[in-house]
Amino acid sequence: MDIDLPSEDDPRRLEVRRWIVEHPNPTPAQLVDAGYVTAHWPAPWGLDAEPELQLIIDDELKRAGVTKPLNPIGIGHCGPVLVVHGTEAQKDRYLPPMLRGEEMWCQLFSEPDAGSDLAGLSTRAVRDGDVFIVNGQKIWTSLATVASYGILIARTDVDTSKYTGISYFIIKMDLPGIEIRPLRNMVGGFGDAGFCEVFFHDVAVPAENLIGPLHGGWAMAKETLANERVSLSREGLQWGHGPTVRDLVDLVRSRGGLDDGPLRQRLAEAYIEGEIMRFHQLRQISAQVNKKPGPDASLRKALKDPHGKKVFTLAQDLMGATGMLAVGAEPVWEPWASGFLFSPALTVGGGTSEVLRNIIAERILGLPHDTDVELGLTWSEGRAKARTPAPA
Ligand SMILES: Cc1cc2nc3c(=O)[nH]c(=O)nc-3n(C[C@H](O)[C@H](O)[C@H](O)COP(=O)(O)OP(=O)(O)OC[C@H]3O[C@@H](n4cnc5c(N)ncnc54)[C@H](O)[C@@H]3O)c2cc1C
């Protein structure tokens, strides 16, 4: 496998550079029109780009200091599902402002009793003429306070298996009956956008907001989670954003290096681990698995998040006493201090490390399914079963 980026005089690079010269400060709309925001998506939303072209575009935009519009859940998780399963009218309405970052999106999946066992969700959507009436509660909904739209999975049939009675909806977040309660966390959330509890009280959702077939939402929910895992395991340590271990090494170098032997050792180990992750990501891209994300994305996330925790903890130790002060004590360390506070969440959100290991065991290593799954039990039922003493 070739893990080097294409050469400096590669014609595709020159083409992107020419575009940047013509658009030195591109607007989000210009980036979208050029297909550079989601180059791997099909036209007209992207360029149907091969992995190498995606890398070139990202590399050239980064060098020119051009940032793409930010809409992590919209572009990273929901958009790819809409591209494949949305109607033409849904795509035309929702994708352009999503890609331009004008309408933020959130993901209304987790519930108080349905996180890892997501298919056990109990939010109901009941058809009533031209609308579905939604009742229930979601939790841990990132960006809910700033999102214009969300994707919701809700139960539309209760008389079938838990996987076959779920439907997938687009939700306008200011519909009457939606109540958003921010939850505070150690970092203060994504700004104060938090993550939130979202309550649905008799919310009337237009039937045209259903994506894909009625009761056929579980397959799309799994696609969304796979897209999420690809998106969360990109290079930045904080779920694809934020600094990398290379940045930490550069920071240490710029401050005169390290005398402390054990800290040097930890930094070297973290750097080696980071390089292995980077090559693994390039291999993933090279193998085009990003076109149709599969269990490999779970493997990468299972490796990447503990690595992120390790590097943020190391940075905290390198900060010494200042690391115990308020976030922002020294600006150069700010991303590391806030990243450290966020880091316990890394191995929970988007699928816990334990759940990812179940997926790796079953879908990559071909190990037998969890017997409780085979019996059709939820994890909670399985736990209750495990706690029940066997009959004498
Ligand atoms: C920062 C952050 C942002 C989030 N944003 C969103 C969002 O925008 N939208 C959204 O819908 N959700 C979001 N979540 C929720 C996230 O998807 C869930 O937290 C996650 O799926 C775990 O579910 P849970 O918290 O209910 O834990 P539980 O499922 O209750 O798990 C508790 C513990 O049991 C373990 N466990 C559970 N099942 C198994 C099993 N079968 N085998 C072995 N161990 C098991 C878990 O690993 C975990 O340690 C976010 C979470 C975080 C931390």
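In this chain, residues are counted from 1 in sequence order. Just so you know, these numbers come straight off a predicted model, no measurement behind them. In listed order, ligands and their atoms are each counted from 1.
The heavy atom nearest to atom 19 (O) of ligand 1, considering only I153, V348, I139, is found in V348. Summarising the contacts of atom 25 (O) of ligand 1 with F195, W140, F342, F109, the nearest heavy atom is found in W140. With distances taken over non-hydrogen atoms, the option nearest atom 27 (O) of ligand 1 out of A114, S116, C106 is S116. For atom 17 (O) of ligand 1, the nearest non-hydrogen atom from the set S110, S353, G150, P72 comes from S110.
Residue D117 does not touch ligand 1, judged by heavy-atom distances below 4.0 Å. Contact annotation: for W239 versus ligand 1, heavy atoms closer than 4.0 Å belong to the side chain alone.
Partner of Q137 under the side chain to side chain donor-acceptor pair (under 3.5 Å) criterion, out of E111, E197, H201: E197 alone.
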Name each donor-acceptor pair under 3.5 Å that joins a side chain in residues 203-210 to protein atoms two or more places apart or in another chain, with its distance.
unit_1, atom_1, unit_2, atom_2, d
N209, ND2, I170, O, 2.9

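Against a heavy-atom cut-off of under 4.0 Å, G350 is close to the following atoms of ligand 1: 17 (O).
Checked against salt bridge (Lys or Arg N to Asp or Glu O under 4.0 Å), R100 has the following partners two or more places apart in sequence or in another chain: E102.
Here K91 pairs with E88 in a salt bridge; the nearest charged N to carboxylate O distance falls below 4.0 Å. Ion pairing between a basic and an acidic side chain is recognised when a charged N comes within 4.0 Å of a carboxylate O; R264 and D259 show no such pairing.
Between W140 and F109, a ring centre-to-centre spacing not shorter than 6.0 Å is recorded.
Taking distance alone, with nitrogen or oxygen atoms compared against 3.5 Å, T141 stays at or beyond that limit from ligand 1.
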